[in-house]
Amino acid sequence: MILGNFADWNIQNILIRVIAATILGCIIGLDRGMKHRGAGTKTITVVCLGATLVMLTEQYIQVYFPGLANMDRMAAQVISGVGFIGVGTIIISRHRVRGLTTAATLWASACVGLAVGIGFVEGGILITAMMLIFLHILPFVERFAARHSSYCNVFIDLEKSRDLHIVIQKLREAGVVIDSMDMSESRDGGEGISVHMVLYVKKPMGREDIYDILMKLDQVMAVDFL
């Protein structure tokens, strides 16, 4: 172990694990809180500490009640149970799914707590550092890839379902290839439909050009790009 052996059952190692879990949970939570996400410092710290307590309890049972402990049973329940908390942070609004990263962060913070709770402090610190790095770097990479991608996701709200063929015809006339398409009923319960299309757009045409083509059609009520 680089930082030392924290797996032995003694009061010093227990305190180190709890303090490490608190610090790592706070660091992850502060990063999410500064971005005003659903789960902030308090939530993620509590999740991390709770997972740490689970592993401490597992080891306690193993030390004082030999033969009764199953070191992976309670950890498995934490990994699956935290998923229910994460579901509460996921919101679908106007064709967009929000909160997936927050849900994943909650789950990962529980895993960090499990690692620290059993004494694998180095692993918890390493994963926390990697999480923070990639939570800040990957959005820039994603935006760069999206700007240079020939594919785009578009949602089109139509007044009537039979108007869909007009939209398809106009897109094909403009040289846009429809890679995939699915439809759903209008939210207001009328005759309209909402269409999700994945479009392959040849250069130099961009999203602005597609938006102009679609909004010039009287049958199109709204256009939304992902």
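Both backbone and side-chain heavy atoms feed into the values below; hydrogens, waters and symmetry mates do not.
Hydrophobic cluster membership differs between V198 and L171, with clusters built from Ile, Leu, Val, Met, Phe, Trp and Tyr side chains linked at under 4.5 angstrom. Tracing side-chain contacts under 4.5 Å through hydrophobic residues (I, L, V, M, F, W, Y), one never reaches L53 starting from L24; they form parts of separate clusters. Hydrophobic clustering (ILVMFWY, side-chain heavy atoms < 4.5 Å, transitive): M181 and V154 are in one cluster. Following chains of ILVMFWY side-chain contacts shorter than 4.5 Å, one can reach V167 starting from I193, so the two form part of one hydrophobic cluster. At a threshold of 4.5 Å between side-chain heavy atoms, the hydrophobic network of Ile, Leu, Val, Met, Phe, Trp and Tyr places V18 and V63 in one connected group.
In this structure, the ring of F140 has its center no less than 6.0 angstrom from the ring center of F144.
The 12-atom threshold is exceeded at CE of M215, counting heavy atoms of other residues, nucleotides or ligands nearer than 6.0 Å.
Within the 4.5 Å cutoff, the side chain of V116 has no heavy atoms near those of the M55 side chain. You'll find the side chain of L199 stays beyond 4.5 Å of the side chain of V177, heavy atoms only. In this structure the side chain of N10 never reaches within 4.5 angstrom of the side chain of I14, judged on heavy atoms.
The minimum heavy-atom distance between C152 and V201, with the atom names listed, is SG-CG2, 4.0 Å. Taking all atoms of both residues into account, the shortest heavy-atom contact from L158 to L164 is CD1-CA, 3.7 Å. When all heavy atoms of I168 and M197 are compared, the pair lying nearest together is CG1-CE, 4.2 Å. Among all heavy-atom pairs drawn from L114 and A75, the shortest one is CD1-O, 3.9 Å. Shortest non-hydrogen contact noted between L56 and G117 is CD2-O, 3.5 Å. Summarising the geometry of A7 relative to N13, their closest heavy-atom pair is N-ND2, 4.2 Å, with the distance given to 0.1 Å.
For the atom pair L214 CG and K216 NZ, the distance stands at 11.0 Å (nearest 0.5 Å). We find the CD1-NZ distance between I166 and K160 to be 10.5 Å, quoted to the nearest 0.5 Å. Taking OG of S109 as the reference point, atom CD1 of I127 lies at 12.5 Å (rounded to 0.5 Å). Annotation: the span from D157 atom CG to D224 atom CG amounts to 8.5 Å, rounded to 0.5 Å. Between atom OG1 of residue T101 and atom CG of residue L106 there is a gap of 11.5 Å, rounded to the nearest 0.5 Å. Between atom CG of residue D163 and atom CG of residue L217 there is a gap of 9.5 Å, rounded to the nearest 0.5 Å.
Using bins of under 30°, 30° to 60° and over 60° for the plane-to-plane angle, the ring pair F155/H196 lands in the parallel bin.
One side chain, Q169 or E173, offers a donor N or O that lies under 3.5 Å from an acceptor on the other.
The other members of the hydrophobic cluster of I27, by chain and number, are I19, I23, L132 (side-chain heavy atoms under 4.5 Å, ILVMFWY only). Side-chain contacts under 4.5 Å among hydrophobic residues (ILVMFWY), followed directly or transitively, place I137 together with I133, V141. With a 4.5 Å cut-off between side-chain heavy atoms of Ile, Leu, Val, Met, Phe, Trp and Tyr, the cluster of V46 takes in none.
With R17 contributing its side chain and F6 its backbone, the two residues share a donor-acceptor pair below 3.5 Å. The backbone N or O of G113 sits less than 3.5 Å from a side-chain atom of T52, completing a donor-acceptor pair. Within the 3.5 Å criterion, the main-chain N or O of I79 finds a donor-acceptor partner in the side chain of W107. Judged purely by atom type and a 3.5 angstrom limit, T45 has no side-chain atom pairing as donor or acceptor with the backbone of K42. Between the side chain of E159 and the main chain of M221, no donor-acceptor pair closer than 3.5 Å is present.
With sequence neighbours left out, Q12 forms a side chain to side chain donor-acceptor pair (under 3.5 Å) with no residue at all. Take Y151 and apply the ring-ring contact (aromatic ring centres under 6.0 Å, His included) test, not counting sequence neighbours, and it matches Y200. With sequence neighbours excluded, the residues satisfying side-chain contact (heavy atoms from CB on, under 4.5 Å) with A103 are T89, I90.
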